[in-house]
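The structure appears right after this line, and notes come after that.
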2 protein chains.
Amino acid sequence: MSEKKRGRPRAFDAKVTLEKAREVFWDRGFAGTSLDTLSAATQLNRPSLYGAFGDKEALYLDVMEAYRAESMDVLADALDPSLPLRDNLANVYKSALKIYLHGDTAARGCFLISTATAEAIQHERVRDLLRRSLADFDDAIEQRMALAVERGELPEGSDVHMLARLASAVMHSLAVRARAGDSRRTLEALAKSGIDMICGKA
Amino acid sequence: MSEKKRGRPRAFDAKVTLEKAREVFWDRGFAGTSLDTLSAATQLNRPSLYGAFGDKEALYLDVMEAYRAESMDVLADALDPSLPLRDNLANVYKSALKIYLHGDTAARGCFLISTATAEAIQHERVRDLLRRSLADFDDAIEQRMALAVERGELPEGSDVHMLARLASAVMHSLAVRARAGDSRRTLEALAKSGIDMICGKA
DNA sequence: ATTATTTTATGCGAAACGGTACAAAATGAG
DNA sequence: CTCATTTTGTACCGTTTCGCATAAAATAAT
């Protein structure tokens, strides 16, 4: 993995630290989170945070990237091509809701949609990473849908590019509504309707 | 309208001030906006802001409420029942994109989805007003769709409740994607696909 | 004119903010 | 052991933050 370095060894795991930082950012947003709060949550003092990740924006970007990568892993699992497309979409929404509805005081929604959008104007790198994250998600679904057309799960000549983006659109709405406090029942109904609209009524 | 008050008259218009404050919040988010910035943008010193609107959260809530009300007016215009439902939805998305794609440095998306979501966990009143705003929007579209069923624009027995929420879902996605920097062309294509999906391919 | 009432403007103050300097501590290399 | 290197912890810096205290200014009521 990594060769032993010269100086004093780190007393923390960078990946775990990013996860702890993510929890704070997720609840309070980027601008609403202070370095003191991050320091307390990660149990690292500010200089250690600074040394390992750079300033607050760089740390936030690292958290964003980790979330993007994790999301793509979850999506890849949900889109298991040995299952029908309809089941795939159900799994996508189910795993999304599992994430979105978690939270201490209230459901947190999607980390990117709930916190990165707020910074997207002032911080160009946040905006770019957000756009890339959404596009990656769209593309993965589109790829599965292209396969579905080949297999006859979707009608010949389906516009898989737009179908995929509509499938993502339902998820964006789930994210926003979850953060706004909509009930699990309400969100599950929206997910089901979305599936019916894209795959045809079962 | 309002009877003359006793003391020194206000040198500003509260509605105009809320609009100026909105511009700042829209670009920088709630937590990312300081009272100094708001004071400069509104040309009111802090004590005047405080006297007229209360603290920063109260001011933000006033801005949210004004945006919600304006959005409902725009929506009502777009849903003009003398036009076909398909045209109505096209107008809804067109007027939404007109708002979302405006901005100095980058497209700002939806004020509520881009800035209120970030605060929704920590500020319960923001979360509640956000949820109410989304619900009002859904309900207005649902009402128009119920009329569409009566008129035969939509098939008998259509689930107008869910159709309306899917139509909103497309708009939520337009809002998020606009803020992430997607092009007008891309967003217009998504809007068109959404209409086709809900009203049937033209 | 005087008084009561409300808004404006200056400026304060305590706290929180992001970021860093510096020295102590902990490791590997020689 | 000695030195170079890296991380850790304390303490600090200048700035910004939110909110308010206070007094001047502008109006209506009397």
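Predicted, not measured: the structure shown is a model, and the values here were computed from it. The chains referred to below are lettered A, B, ... by the order of the sequence lines, with proteins before strands, and numbering in each begins at 1.
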Establish, from distance only, whether the side-chain atoms of A:Thr115 and A:Tyr60 form a donor-acceptor pair under 3.5 Å.
-> yes
Between B:Ser133 and B:Tyr67, a side-chain donor and acceptor under 3.5 Å | no
Whole-Å distance, A:Lys56 NZ to C:dG18 P, equals 5 Å
Rounded interatomic separation in angstrom, taking CG from A:Leu49 and P from C:dC17 = 14 Å
Compare side-chain N and O positions of A:Tyr50 against OP1 and OP2 of C:dG18 and report whether any pair is under 4.0 Å apart.
-> no
Residue A:Arg6, side-chain atoms from C-beta onward, closest of C:dA4, C:dG28, C:dG19 = C:dG28
If a pair satisfies ring-ring contact (aromatic ring centres under 6.0 Å, His included) and one of its residues is in residues 179-200 of chain A, list it, with sequence neighbours excluded.
-> none
No-hydrogen, no-angle side-chain donor-acceptor test under 3.5 Å, B:Asn45 and B:Ser48 | yes
Is A:Thr17 close to A:Lys20 at the side-chain level, that is, under 4.5 Å between some pair of heavy atoms?
-> no
Interface polar pairs with nucleotides 9-12 of chain C, N/O, under 3.5 angstrom:
unit_1: C:dA9; atom_1: OP2; unit_2: B:Asn45; atom_2: ND2; d: 3.3

Salt-bridged, A:Asp62 to A:Lys15, with N to O below 4.0 Å?
-> no
Do we see a donor-acceptor contact under 3.5 Å between the side chains of B:Ser34 and B:Asp36?
-> no
Interatomic distance, B:Leu38 CG vs D:dT16 P [rounded to whole Å] | 16 Å
Picking from C:dA26, D:dG19, C:dT20, which would you name as closest to the side chain of A:Pro9?
-> C:dA26
Check ion pair B:Arg177-A:Asp138 (N to O, under 4.0 angstrom) | yes
Around atom CD of B:Glu65, are there more than 12 heavy atoms of other residues, nucleotides or ligands at under 6.0 Å?
-> yes
Looking at residues 15-36 of chain A, who's got a heavy atom less than 4.0 Å off DNA chain C?
-> A:Thr33, A:Ser34, A:Leu35, A:Asp36
Please give, in whole Å, the distance from C:dT6 P to B:Phe12 CZ?
-> 15 Å
NA contact type, B:Ala11, heavy-atom cut-off 4.0 Å: base, sugar-phosphate, or nothing?
-> sugar-phosphate
